[in-house]
Amino acid sequence: MKYSEYSAVVIGSGAAGLYAALKLSEQINLPEGVLIITKDSLGESNSKYAQGGIVGVLHQNPADNVESHVKDTLKAGAGLSDEETTEFISKSSDEVINDLINCGVNFDKDEAGHLTFTLEAAHSIRRILHSGGDATGKGITESLSKAVRKDKNITVLENAMAVEILVNADKECKGAIIYNELTGEHEIVYTSALIIATGGVGQLYKYTTNPLGATGDGVALAYEAGAIIQDMEFIQFHPTALALSPESKNRFLISEAVRGEGAKLINNNGEEFMSKYSDKRELAPRDVVTRAIFSEMNKNHNSNVFLNASIINPEKLFNRFPTISGRCRENGIDISKKPIPVAPAAHYTMGGIRAEVDGKTSIKGLYAIGEAASTGLHGANRLASNSLLECVVCAYELANYISFSNLETPKMIDEGIIKMIDVYSRSIKGRTYDIPTLKSKLQELMWNNVGIIRTEEGLIKAQKEIERMKNNFKRFRKCLNRDEYEYRNMLTIASLIIESALSRKESRGAHSRADFKQTNDNPMHSNILKTDEKELFYVE
Ligand code: FAD
Ligand code: SIN
């Protein structure tokens with residue numbers, strides 16, 4: 001098998017991966033350069049579709065302060081956010097976001113040239129920066145991708161996916177196996193710093209705001225490699241995705257910022273309903289709004305409710321939300337006149353690979369940043385626009401940490417790694433699978449049984465079915481193509497979500513169980529570690 005060697009290898013090219021590659025490339029202790037590997041073209045990611053914005057507690061906004069941001073984050077996190085981590089990330093935002101601006105990212109400004117800050121649900125003040133109105137993710141990924149392509153110390157490998165993390169008997173990461181979609185070949189990359197920035201798991205669900213690549217690959221690979229995986233039961237369902245028909249699965253997001261600017265939710269009888277569910281109404285935390293909408297939909301036997309944005313001044317509405325108004329117009333909806341059909345959709349993964357703010361995981365040499373990581377910032381429910389902030393702060397801290405590390409050459413591979421490489425050098429025989437159909441079945445199963453409201457009965461049913469699906473999919477690590485690898489990873493992720501959801505015998509934040517009450521007390525993370533005898537344990 002072909003192999004190469006780099007000082008650092010970043011998997012994924014969303015906000016976290018792109019910014020990490022740039023910051024790593026500035027370090028002088030990486031003589032063999034940085035490689036960034038990505039499944040599609042550079043920048044294709046969840047990040048690219050981010051609308052609302054990025055939290056910035058900036059010196060340019062004297063009305064804001066770290067204490068207030070930390071308070072809002074902890075409150076949304078339902079007792080499970082880590083206070084120290086939250087404070088660190090909030091405090092770092094000024095330095096890191098101003099560095100992002102120096103890297104070429106343009107945030108929207110008023111006529112006087114001052115940055116403009118918007119409001120989103122559960123934030124007590126206006127502190128969200130945005131770009132291109134409602135095209136923040138595009139603004140960030142395009143600027144960072146441009147800088148990455150220009151950087152001579154960074155090699156870009158597109159249309160290639162990481163399919164295995166190589167870990168030796170001492171639990172040290174030595175690199176990864178890559179499947180190159182263009183050549184159809186597997187390759188090995190050796191490195192002492194493997195950075196997982198592969199994003200979330202939205203594609204596990206029938207309805208999602210996430211693009212097709214969000215199949216949880218990095219988390220599945222890290223789990224198989226023996227890293228601790230944390231809080232996978234906490235899947236955030238965004239309350240308002242465009243619901244044109246029950247068949248439309250991959251759903252365009254209608255940003256929370258539209259509610260931040262005054263839009264109201266109405267049910268199919270034209271009644272505003274949020275005051276029945278929260279005194280914060282449309283600006284209650286995301287999990288609360290999602291459950292309220294779900295309840296209205298179920299009560300009225302409808303597959304959506306509506307968001308009425310026509311109460312916002314039309315000029316402001318179109319200027320502030322060009323992407324949203326444009327997409328709705330393409331679908332025959334003038335949002336200044338007609339309410340927008342919306343319904344919840346899987347949006348964000350609070351859990352992931354347990355990691356510190358500088359990306360360190362439970363495996364030496366393996367780092368995780370961005371949505372694939374679980375640092376404890378988001379707790380049981382992420383506060384809007386905190387995700388992009390976490391991506392860039394952790395990428396920045398990772399590069400700082402690595403700048404002080406002594407990166408040895410990763411050649412020290414042992415028998416276990418050689419055996420693993422051997423698995424990938426053998427050819428595969430056997431039947432072919434109808435993966436699109438299998439993926440759809442899995443998505444339907446997860447939506448119906450491991451979705452917004454969960455029960456023991458539904459979770460057990462899903463668990464049994466996933467076991468059956470695993471047994472029917474006879475691929476032993478190596479697969480034939482990208483689709484098969486994604487399905488393999490999705491099955492692993494489904495098991496992790498279900499296992500954690502079954503163990504959490506309470507409702508907390510986004511994990512809502514019909515058989516247990518909502519609580520904010522006795523916070524504990526759920527951790528899963530693959531061992532010979534698989535176990536699930538809780539730590540504080
Ligand atoms: P991603 O941006 O998802 O990037 C992951 C990358 O990894 C991709 O390039 C993918 O192709 C690649 N990849 C995956 N698997 C593999 C593999 N096996 N091998 C190689 N490459 C792989 N958050 C906010 O803070 N503010 C917002 O306004 C906001 N709006 C959002 C709107 C939408 C529609 C969505 C979906 C999310 C939004 N979020 C928002 C959440 C936020 O965008 C994401 O959490 C964040 O961008 C994740 O960044 P990331 O770099 O960790 O992962
Ligand atoms: C949105 O714009 O509503 C999404 C913001 C986020 O996910 O943080």
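What you see is a predicted model; the values in this text were computed from it and never measured. Both counts, for ligands and for their atoms, begin at 1 and track the order of listing.
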Contact check, H347 vs ligand 2, heavy-atom distance below 4.0 Å: yes
Under-4.0 Å heavy-atom contact with ligand 2, by part of R286 that carries it: side chain
Flag, side chain of S13 to backbone of G43, donor-acceptor distance under 3.5 Å: yes
Side-chain donor or acceptor of N331 paired with backbone N/O of R327 under 3.5 Å: yes
Test of ring centre spacing under 6.0 Å for F234 and H378: no
Under 4.0 Å from ligand 1 - residues by heavy atom, chain and number: I11, G12, S13, G14, A15, A16, I37, T38, K39, E44, S45, N46, S47, Y49, A50, Q51, G52, G53, A160, M161, A162, A197, T198, G199, T209, N210, D217, L253, H347, Y348, G370, E371, R382, S385, N386, S387, L388, C391
Backbone N/O of R477 and side chain of E164: donor-acceptor pair under 3.5 Å: no
With K48 via salt bridge (Lys or Arg N to Asp or Glu O under 4.0 Å) - residues at least two apart: E44
Interfacing atoms of ligand 2 (cut-off 4.0 Å, heavy-atom, A384): 8 (O)
Atoms of ligand 2, numbered as shown, that sit under 4.0 Å from any heavy atom of S385: 6 (C), 8 (O)
Proximal atoms of ligand 2 relative to H238 (non-hydrogen, under 4.0 Å): 1 (C), 3 (O), 4 (C)
Within 6.0 Å of CZ in R281, more than 12 heavy atoms from elsewhere: no
Contact check: A257 vs ligand 2, nitrogen or oxygen atoms, below 3.5 angstrom: no
Distance from atom 2 (O) of ligand 2 to nearest protein heavy atom, with residue and atom: S255 OG, 2.6 Å
Pair R320 + D108: basic N to acidic O under 4.0 Å: no
Proximity to ligand 2 by part of D134, non-hydrogen separation under 4.0 Å: neither
K75 atom NZ, over 12 foreign heavy atoms within 6.0 Å: no
S143 side chain to G139 backbone, donor-acceptor under 3.5 Å: yes
Any donor-acceptor pair under 3.5 Å from R488 side chain to V163 backbone: yes
Backbone or side-chain N or O of E256 under 3.5 Å from ligand 2 N or O: yes
Where ligand 2 meets G52 - atom numbers and elements under 4.0 angstrom, heavy-atom basis: 2 (O)
N/O separation below 3.5 Å, Q51 to ligand 2: no
Sidechain-backbone polar pair: E158 side chain, L42 backbone, donor-acceptor under 3.5 Å: yes
